[in-house]
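Each remark here refers to the structure printed beneath this line.
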Amino acid sequence: MDKIFIMNLGTTSFKFKFYAFSGACSEVLASGELESVGADSSRCEISYPDGRVIAGEAAIADHGAAFSHCFSILQRDGIIRDLSDVTAVGYKAVHGGNLSGTCLVDDALIREMERVTPLAPAHNPIYLSAMKDIRKRYPQLLQVARFETSFHGTIPEKRVTYGVPYQWKEELGIRRYGFHGSSHQYIAQTVAKLQPGARRIISCHLGGSSSICAVLDGKSVATTMGATVQSGLFNNNRVGDFEPFCLKPIMEHYGYTLDETLAILSKKSGLLGLSGVSNDLRLVLEAADAGNRQAKLAFDTFCDNILGYIGMYAAYLNGLDALVFTGGIGTNSDILRQKVCENLGYLGLELDPVKNARRDDGIVSTDASKVTVWRLKTDEESVVAGCVREFLKQ
Ligand code: ADP
């Protein structure tokens with residue numbers, strides 16, 4: 001039996017799922033989350049399949065310490081015997097540059113992730129620090145990374161190429177990579193089971209960060225994020241597509257440095273910057289309902305962004321069989337689904353207002369709709385765990 005510990009790291013958050021694989025079957029033995037990593041006190045919650053939930057507070061300095069903390073709780077609760085009981089740890093790693101797919105965490109991988117850190121400054125350092133720290137604490141533990149760019153390795157070259165001098169692509173790797181690969185892969189695999197005839201799928205992952213992916217015959221053929229996670233749709237607090245020639249006038253007018261300007265574009269833009277209210281769509285919608293014009297504009301612009309990419313991707317796919325909404329916004333906001341879909345009648349798509357109000361996974365379009373619209377919860381960790389398992393088998 002393989003037991004694999006999957007980690008999903010955010011700047012101050014640590015999420016994990018611990019899987020046991022037996023033959024083709026897998027089960028989650030425990031899952032958990034730590035918030036406020038690096039603060040004086042972190043809140044930790046671990047859940048077991050029997051419904052038990054262990055919650056507590058502890059001082060957790062960094063992500064390596066978070067792993068040790070969770071490991072010791074699982075050991076105390078009899079889920080893990082000792083280190084030899086863990087076949088491997090797996091990371092939902094972000095940017096691997098020239099590395100894609102599922103890879104052993106070794107010196108070469110660390111060097112490549114360091115090289116492309118300027119393209120993923122908010123994410124790669126956290127993963128690198130955890131990988132190095134866990135290697136130091138547990139040198140015998142096998143570490144494997146699945147990159148978020150991996151699912152997009154099938155996008156045609158013409159669609160990952162920017163209109164910049166060719167040598168920038170060759171020498172610096174300035175091209176589209178795409179992210180949220182585990183989520184879009186999960187959606188592609190799930191729709192393949194639920195709607196076997198669907199060859200042309202658009203997966204909309206809308207949440208804390210958002211991206212859209214076009215899938216043809218199970219393979220990614222287009223996605224909105226680019227060389228970094230900053231482009232494509234605008235996000236809760238990130239800019240999305242933006243005109244680089246605006247940088248100079250912004251910096252000159254406000255006296256910002258380049259770093260200060262980029263920090264605003266990556267942390268204080270998107271829904272937050274536009275609405276001036278919040279990075280949480282729920283609060284933006286509340287403000288819009290109360291008559292806040294900026295909040296309404298932020299929501300309308302976000303929906304219009306999504307609609308535009310769906311239209312572009314329906315053209316790439318030469319039609320559409322399934323449209324999927326996932327992520328915290330995609331699954332929970334029926335208002336957003338309605339707003340986006342009301343302009344897709346030309347594809348023969350018809351949303352069912354009653355089904356669209358559902359709070360569980362399933363179809364939200366009418367029986368007559370030519371495009372099946374789904375509300376599906378994603379499960380990125382299960383994809384990473386499956387990929388790590390395949391890697392171990394090989
Ligand atoms: P992450 O990308 O961090 O994993 P999620 O996919 O869980 O995040 O999405 C979190 C986001 O979902 C929140 O920031 C919030 O804006 C949004 N959200 C959650 N519930 C709703 C809702 N009912 N309506 C609109 N947005 C929602």
Side-chain angles (χ1 to χ4, degrees), residues 6-17 31-37 45 47 63 91-94 120 122-123 126-127 148 178-187 190 203-213 223-225 228-230 232-238 240 266-290 292 295-296 298-303 305-306 324-341 356-361 364 374-384:
I6 300 298
M7 285 177 272
N8 181 355
L9 313 180
T11 315
T12 59
S13 69
F14 175 96
K15 291 186 199 160
F16 80 87
K17 278 192 185 170
S31 60
E33 184 167 358
L34 267 89
E35 287 166 4
S36 315
V37 173
E45 198 170 283
S47 310
H63 293 86
Y91 295 93
K92 186 167 85 75
V94 178
H123 297 97
I126 305 165
Y127 279 91
E148 283 287 83
F179 300 88
H180 284 152
S182 312
S183 176
H184 293 306
Q185 184 173 344
Y186 176 83
I187 294 300
T190 303
S203 161
C204 303
H205 177 111
L206 311 173
S209 76
S210 301
S211 74
I212 299 183
C213 175
T223 196
T224 53
M225 282 175 170
T228 74
V229 296
Q230 302 294 343
L233 292 176
F234 68 77
N235 287 209
N236 283 11
N237 59 355
R238 292 188 211 139
S266 62
K267 294 193 180 77
K268 295 195 170 151
S269 296
L271 282 179
L272 172 66
L274 261 176
S275 70
V277 173
S278 170
N279 61 359
D280 188 323
L281 184 61
R282 286 167 290 198
L283 300 180
V284 174
L285 281 169
E286 263 177 45
D289 282 346
N292 183 320
K296 181 170 178 338
F299 178 64
D300 288 349
T301 308
F302 186 47
C303 293
N305 242 227
I306 299 164
V324 185
F325 289 93
T326 191
I329 296 174
T331 50
N332 292 314
S333 182
D334 47 342
I335 297 161
L336 176 134
R337 290 195 297 265
Q338 184 197 322
K339 178 100 184 153
V340 169
C341 289
N356 190 40
R358 70 189 304 157
R359 289 279 167 262
D360 57 346
D361 278 2
V364 295
W374 293 90
R375 172 217 194 268
L376 292 177
K377 202 166 178 300
T378 194
D379 184 356
E380 296 158 292
E381 287 82 5
S382 73
V383 170
V384 178

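Counting starts at 1 for both ligands and their atoms, in listed order. Below, all heavy atoms of this structure are taken into account, side chains as well, without hydrogens, waters or symmetry copies.
- The aromatic rings of His184 and His205 sit perpendicular to each other, their planes meeting at more than 60°, with 30° as the lower class boundary.
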Carefully, step by step, assess Ser13 and Glu33 under the rule side-chain hydrogen bond (donor to acceptor under 3.5 Å, both in side chains). CA-CA 7 Å; Ser13 69; Glu33 184 167 358; 5.5 Å; no
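- Asn8 and Glu381 form a side-chain donor-acceptor contact under 3.5 Å, judged by distance and modelled atom types alone.
- Residue, atom and distance of the protein heavy atom nearest to atom 24 (N) of ligand 1 are Arg282 CG, 3.5 Å.
- Residue Asn332 holds the heavy atom nearest to atom 20 (N) of ligand 1 of all those in Asn237, Thr378, Asn332.
- Counting the atoms of ligand 1 from 1 in the order shown, those under 4.0 Å from a heavy atom of Gly327 are 6 (O).
- Distances between N or O atoms of Gly207 and those of ligand 1 include no value under 3.5 Å.
- Proximity annotation for atom 18 (N) of ligand 1: of Ser333, Gly328, Gly10, Gly328 comes nearest, heavy atoms only.
- One finds no salt bridge joining Arg358 and Asp334 here, because no Lys/Arg side-chain nitrogen approaches an Asp/Glu carboxylate oxygen to under 4.0 Å.
- Using a 4.5 Å heavy-atom cutoff, the side chains of Asn237 and Leu271 are not in contact.
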List the steps and the verdict of side-chain hydrogen bond (donor to acceptor under 3.5 Å, both in side chains) for Ser209 and His180. CA-CA 9 Å; Ser209 76; His180 284 152; 2.9 Å; yes
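- A side-chain N or O of Glu148 and one of Ser182 form a donor-acceptor pair less than 3.5 Å apart.
- The side-chain heavy atoms of Phe14 and Met7, taken from C-beta on, include a pair separated by under 4.5 Å.
- In terms of polar-atom proximity, Asp280 is counted as a contact of ligand 1, with an N or O under 3.5 Å from an N or O of the ligand.
- Looking from atom 2 (O) of ligand 1 to the surrounding protein, the closest heavy atom is Gly208 N, 2.9 Å.
- Within ligand 1, counting atoms from 1 as listed, the ones closer than 4.0 Å to a heavy atom of Ser209 are 2 (O).
- Looking at ligand 1, you'll find an N or O of Asn236 within less than 3.5 Å of one of its N or O atoms.
- Taking atom 4 (O) of ligand 1 as the reference point, the nearest protein heavy-atom neighbour is Lys15 NZ, 4.3 Å.
- Annotation: atom 17 (C) of ligand 1 to nearest protein heavy atom, Ile329 CG1, 3.4 Å.
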